[in-house]
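This chain uses plain numbering: 1 for the first residue, then up along the sequence.
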Amino acid sequence: MAVAVLGAVSLLVLAACGSADPTPATSSPDTFKPVAQKEGSEITVWADATRVPGVQAYQKAHPNVKIKIVTYSGDANGANDLQTKVQLFDRTGSGWPDVAFSANVNDGTWASQGKTPYAAPLNQDVISQSTLNGFADGALNPCTFNGNTYCLRNDLAQNVLWYNKSLMDKFGYSVPTTWEEYQALGEKVAKEHPGYLVGTAGDAWSPEVYFWASQCTASTATGAKKVKVDLQDAKCTRMAKLLDTLIAKGSVSKDTVFSAGFIKNQASKVLMLPGPSWFGQVLFNSTFKIPKGQIAAASPLKFEGDAKNYTGNVGGGLWFVSSHSKNLKAAADLVTWMTTSDAYQGTAGTYPAYKKAAVIWLANQKKTGYFAEDVSPVFKESAELIWPGWSATQYSQEAIYSSTVIPALNSGKTLTDTLDTWETAITDKAKSLGYTVN
């Protein structure tokens with residue numbers, strides 16, 4: 001099995017912009033015409049460092065399949081390495097990987113487009129419909145365009161309210177159920193236990209955690225290549241004001257949870273932290289090294305007056321099969337195994353998008369004994385609460401937030417002060433990619 005390295009190997013961070021409804025259909029699905037197939041030929045697989053062991057496990061279980069593994073960024077944190085390389089291969093007429101993983105859920109928006117899209121339409125005799133039907137409701141929305149399904153979802157990264165039960169019990173605090181209660185508790189923590197935190201706003205994925213849950217119209221698809229961007233909407237400003245208050249009080253950090261300084265000095269003082277389902281094992285256990293029996297998860301919060309609580313997601317990567325592959329059978333089998341296998345997904349670090357694997361995954365999480373309480377009910381509930389108004393786009397909300405908002409926060413500006421600049425940055429990026437912005 002050949003292994004190559006391409007670009008920077010990604011950190012153990014599965015961050016990626018999330019998605020919601022698929023782009024509205026504009027035409028009937030075109031018939032997919034595969035290139036001449038060469039059964040038994042080697043397939044090239046591009047994956048990030050986190051997924052490579054899974055591909056290697058597949059190879060071990062299928063020794064007759066010839067695989068070349070290329071480790072690359074996985075398009076984490078708003079990178080666009082896959083698209084850049086595919087554009088090059090489109091010009092030269094060769095080089096496309098047979099299989100590619102992307103941590104950027106937005107990548108389906110470009111991989112499904114063009115005269116000959118990079119991604120093969122999996123629903124057209126590439127992967128069985130029974131397999132496609134096995135994914136969680138809405139999980140394949142970021143993969144579905146113009147009536148075709150162009151990728152499989154690796155995992156769901158639905159946001160929940162993480163909290164340290166041991167600390168909450170010690171301080172005599174109750175877990176909030178609304179954002180208003182969350183703010184009030186954050187202010188109380190700042191006064192009674194200065195230095196302890198209830199959240200962070202310096203992560204690239206902060207928009208997906210807070211503003212998505214608030215139903216903020218940062219990028220709401222209104223048609224094919226049409227989006228609504230309005231950060232002055234009341235559902236955007238309410239979250240900005242909430243975070244501004246807690247940042248000023250000191251109970252919401254402007255740092256990122258994966259910085260060396262945060263891990264060393266603040267990880268043990270995290271009282272609450274809204275964030276994705278993978279925070280449990282990846283962040284609290286492996287990175288923060290919080291001992292067993294302390295960390296628990298609660299349902300996503302809602303604003304008082306809202307009909308229901310919504311949430312967002314941070315990650316949930318995609319697996320593509322190339323339309324140029326000369327061995328679709330092997331490529332499709334690998335992608336199917338990576339997304340549905342009990343052996344791999346059942347013990348993975350993230351919540352599987354495939355329903356059957358998710359059941360096994362949750363049972364295995366309980367067996368670890370790491371969490372203070374069973375997270376299964378909360379994870380199942382939150383997986384069905386993703387607000388559909390935060391749409392997959394060709395641009396990365398994380399990249400825009402990182403380059404626009406985080407520097408402003410670090411210079412002393414508030415989120416409220418920065419909303420106009422942030423909105424302009426989103427609008428300009430969208431228009432540069434051919435979107436009509438409302």
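- A distance of 5.0 Å separates CG of Leu231 from SG of Cys216, quoted to the nearest 0.5 Å.
- Between the side chains of Glu208 and Asn159, no donor-acceptor pair of N or O atoms lies under 3.5 Å.
- Using a 4.5 Å heavy-atom threshold, the side chains of Val126 and Phe32 count as touching.
- The CE atom of Met338 sits 12.0 Å away from the CG atom of Asp333 when rounded to the nearest 0.5 Å.
- Proximity of a side-chain donor or acceptor of Gln158 to a complementary backbone N or O of Ser277 within less than 3.5 Å is not detected.
- Listed here is the closest heavy atom pair of Ala372 and Gly293: CB-O, 3.4 Å.
- The distance from the CG atom of Leu415 to the SG atom of Cys236 is 11.5 Å, given to the nearest 0.5 Å.
- For Lys68 (side chain) and Pro97 (main-chain N/O), no donor-acceptor pair under 3.5 Å exists by modelled atom type.
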For side-chain contact (heavy atoms from CB on, under 4.5 Å), just list the numbers for Tyr118 and Asp107, CA-CA rounded to whole Å, side-chain angles, deciding distance to a tenth of an Å, and then say yes or no.
CA-CA 11 Å; Tyr118 164 68; Asp107 275 352; over 6 Å; no
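- Contact between Val105 and Leu318 at its shortest, heavy atoms only, is O-CD1, 3.5 Å.
- Surrounding NZ of Lys355 are more than 12 heavy atoms belonging to other residues, nucleotides or ligands, all under 6.0 Å away.
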What's the verdict on side chain to side chain donor-acceptor pair (under 3.5 Å) for Ser128 and Thr131, showing C-alpha distance, side-chain angles and the deciding distance?
CA-CA 5 Å; Ser128 70; Thr131 297; 2.9 Å; yes
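- Proximity of a side-chain donor or acceptor of Gln397 to a complementary backbone N or O of Trp205 within less than 3.5 Å is not detected.
- Aromatic ring orientation, Tyr58 versus His62: parallel (interplanar angle below 30°, classes split at 30° and 60°).
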Between Lys165 and Asp169, is the salt bridge (charged side-chain N to carboxylate O under 4.0 Å, His left out) condition met? List the steps.
CA-CA 6 Å; Lys165 187 176 186 302; Asp169 290 346; 2.8 Å; yes
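- Rounding to the nearest 0.5 Å places CD of Gln59 at 9.0 Å from CG of Asn64.
- Of all heavy-atom pairs between Tyr401 and Asp203, the closest is CE2-O, 3.4 Å.
- Looking only at distances, a side-chain donor or acceptor of Asp75 sits under 3.5 Å from a matching main-chain atom of Leu82.
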Stepwise side-chain contact (heavy atoms from CB on, under 4.5 Å) test for Leu271 and Phe171:
CA-CA 10 Å; Leu271 188 65; Phe171 296 160; 4.0 Å; yes
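- Using a 4.5 Å heavy-atom threshold, the side chains of Asn309 and Glu381 count as touching.
- The distance from atom OG1 of Thr116 to atom NE2 of His324, rounded to the nearest 0.5 Å, is 6.0 Å.
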Can Lys225 and Gln394 be said to form a side chain to side chain donor-acceptor pair (under 3.5 Å), step by step?
CA-CA 9 Å; Lys225 296 286 279 190; Gln394 286 182 243; 2.8 Å; yes
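- Counting only distance, with no hydrogens or angles, the side chain of Ser219 and the backbone of Ser391 share no donor-acceptor pair below 3.5 Å.
- The closest side-chain heavy-atom distance from Tyr351 to Lys380 is below 4.5 Å.
- By the 4.5 Å heavy-atom criterion applied to side chains, Thr393 and Lys429 are not counted as neighbours.
- Scanning both residues, Met272 and Pro176, for their nearest heavy atoms gives SD-CD, 3.6 Å.
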For side-chain contact (heavy atoms from CB on, under 4.5 Å), just list the numbers for Gln365 and Tyr370, CA-CA rounded to whole Å, side-chain angles, deciding distance to a tenth of an Å, and then say yes or no.
CA-CA 8 Å; Gln365 292 296 304; Tyr370 179 72; over 6 Å; no
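- Between Leu156 and Asn313, every side-chain heavy-atom pair lies at or beyond the 4.5 Å cut-off.
- To the nearest 0.5 Å, atoms CZ (Arg51) and OH (Tyr72) are separated by 10.0 Å.
- Trp361 places a side-chain N or O within 3.5 Å of a backbone atom of Thr350 that can act as its donor or acceptor partner.
- For the salt bridge (Lys or Arg N to Asp or Glu O under 4.0 Å) test, no residue two or more places apart in sequence or in another chain qualifies with Asp428.
- Judged by distance alone, the side chain of Gln345 and the main-chain N or O of Ala358 form no donor-acceptor pair under 3.5 Å.
- Other residues, nucleotides and ligands contribute over 12 non-hydrogen atoms within 6.0 Å of the NZ atom of Lys302.
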Can Ser253 and Asp255 be said to form a side chain to side chain donor-acceptor pair (under 3.5 Å), step by step?
CA-CA 5 Å; Ser253 172; Asp255 200 355; 5.1 Å; no
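- A heavy-atom distance below 4.5 Å is found between the side chains of Leu132 and Asn123.
- Side-chain atoms of Thr339 come within 3.5 Å of backbone N or O of Thr336 as a donor-acceptor pair.
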Please determine whether side chain to side chain donor-acceptor pair (under 3.5 Å) holds for the pair Ser322 and Asp98, giving the CA-CA distance in whole Å, both sets of side-chain angles, and the decisive distance to 0.1 Å.
CA-CA 5 Å; Ser322 173; Asp98 298 85; over 6 Å; no
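- No side-chain heavy atom of Thr200 sits less than 4.5 Å from a side-chain heavy atom of Thr256.
- Residues Asn104 and Ser102 have side chains that never bring a donor and an acceptor to within less than 3.5 angstrom of each other.
- Looking only at side-chain heavy atoms (C-beta outward), Lys269 and Leu197 stay at 4.5 Å or farther from each other.
- The number of heavy-atom neighbours closer than 6.0 Å to NZ of Lys66, taken from other residues, nucleotides and ligands shown, is 12 or below.
- The number of heavy-atom neighbours closer than 6.0 Å to CG of Asn410, taken from other residues, nucleotides and ligands shown, is above 12.
- Residues Trp162 and Phe371 place their aromatic rings such that the two centres sit under 6.0 Å apart.
- Closest of all the heavy-atom pairs between Val314 and Trp278 is O-NE1, 2.7 Å.
- Checked by atom type and distance alone, the side chain of Arg153 pairs as donor or acceptor with a backbone atom of Ala139 at under 3.5 Å.
- Checked against the 6.0 Å centroid threshold, Tyr435 and Tyr395 count as a close aromatic pair.
- Looking at every heavy atom in both residues, Val335 comes nearest to Phe320 through CG2-O, 4.1 Å.
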Test side-chain contact (heavy atoms from CB on, under 4.5 Å) on Phe145 and Thr109 and set out the steps.
CA-CA 8 Å; Phe145 301 90; Thr109 59; 3.9 Å; yes
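- With hydrogens and angles disregarded, a donor-acceptor distance shorter than 3.5 Å links the side chain of Ser214 to the backbone of Lys235.
- Ring centroids of Tyr310 and Trp390 are separated by 6.0 Å or more, keeping the two rings apart.
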